[in-house]
Amino acid sequence: MTDPHDHNRVAARLVMYGSRFATYARLRATEPRSVVALRILSLLQQLGPIRIGDIALRERLSQPAISTSVTKLEADGLVARESDPTDARATVVRLTEAGDAEIRAFRLRAGEAVRPALEQLDDDEWGTLARATDILERLTIDEPPHPDHH
């Protein structure tokens, strides 16, 4: 049986190196948008329309910081605000077609930007990465509700 502390160590390294790899890809893709803007677009693509306060909770940022980013994204036509169908007093932010195209294009550019580094891998390593990607997708496809949200 594997030592549970090894599992913790592997999980910690996965988070650390996954974050580093995402940063590596973003920087090489020469993305002009902020990490926060990209996270908002990605979150809206994943979850659909959501309130600014809920975005702030998930991203662990202040509501004013998220609101400022959303205003910039809205001015660029990438997101739109609309009435919350469950509460007419509130608004939600939704991804526009242009916003969806923008986040998809960023991911393609980021993938192309890291391709030279990945070309160093042999077939076994490519297979390992492909399996790891499938596992990460399965683990994150149904993101649980935010722990602070009731």
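None of the values given here were measured: they were computed from a predicted structure.
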For this session: Return yes if some donor-acceptor pair links the side-chain N/O of T23 with the main-chain N/O of S19 below 3.5 Å, else return no.
Result: yes
Exercise. Are R33 and E102 within salt-bridge range, i.e. N to O under 4.0 Å?
Worked result: yes
Exercise. Sub-3.5 Å donor-acceptor pair from the side chain of T96 to the main-chain atoms of G77, do we have one?
Worked result: yes
Exercise. So with a 6.0 Å cut-off around CG of D123, is the heavy-atom count from everything else above 12?
Worked result: no
Exercise. Would you say R115 has more than 12 foreign heavy atoms packed within less than 6.0 Å of its CZ?
Worked result: no
Exercise. Would you say the side-chain atoms of T71 pair up with the backbone N or O of S67, donor to acceptor, closer than 3.5 Å?
Worked result: yes
Problem set entry | Nearest non-hydrogen partners of R107 and S42, listed with the distance | NH2-OG, 2.9 Å
Exercise. Where the side chain of R131 meets the backbone of G127, is there a donor-acceptor pair that is under 3.5 Å apart?
Worked result: yes
For this session: Please assess S69 against R39 for the test side chain to side chain donor-acceptor pair (under 3.5 Å), listing each intermediate value before the final yes or no.
Result: CA-CA 10 Å; S69 291; R39 284 292 311 137; over 6 Å; no
For this session: Search all heavy atoms of S83 against all heavy atoms of A88 and return the closest pair with its distance.
Result: OG-O, 4.5 Å
For this session: Find out if a path of hydrophobic residues (ILVMFWY) with successive side-chain heavy-atom gaps under 4.5 Å connects I50 to V79.
Result: yes
Exercise. Taking the side chain from E59 and the backbone from A56, do they hold a donor-acceptor pair closer than 3.5 Å?
Worked result: no
Exercise. F21 and L121: same hydrophobic cluster, using ILVMFWY side-chain contacts below 4.5 Å?
Worked result: yes
For this session: Could you tell me whether E97 atom CD has more than 12 heavy atoms of other residues or ligands within 6.0 Å of it?
Result: no
Exercise. Are a donor atom and an acceptor atom from the side chains of R51 and Q63 found within less than 3.5 Å of each other?
Worked result: no
Exercise. Is the backbone of D124 close enough, under 3.5 Å, to the side chain of D122 for a donor and an acceptor to pair up by distance?
Worked result: yes
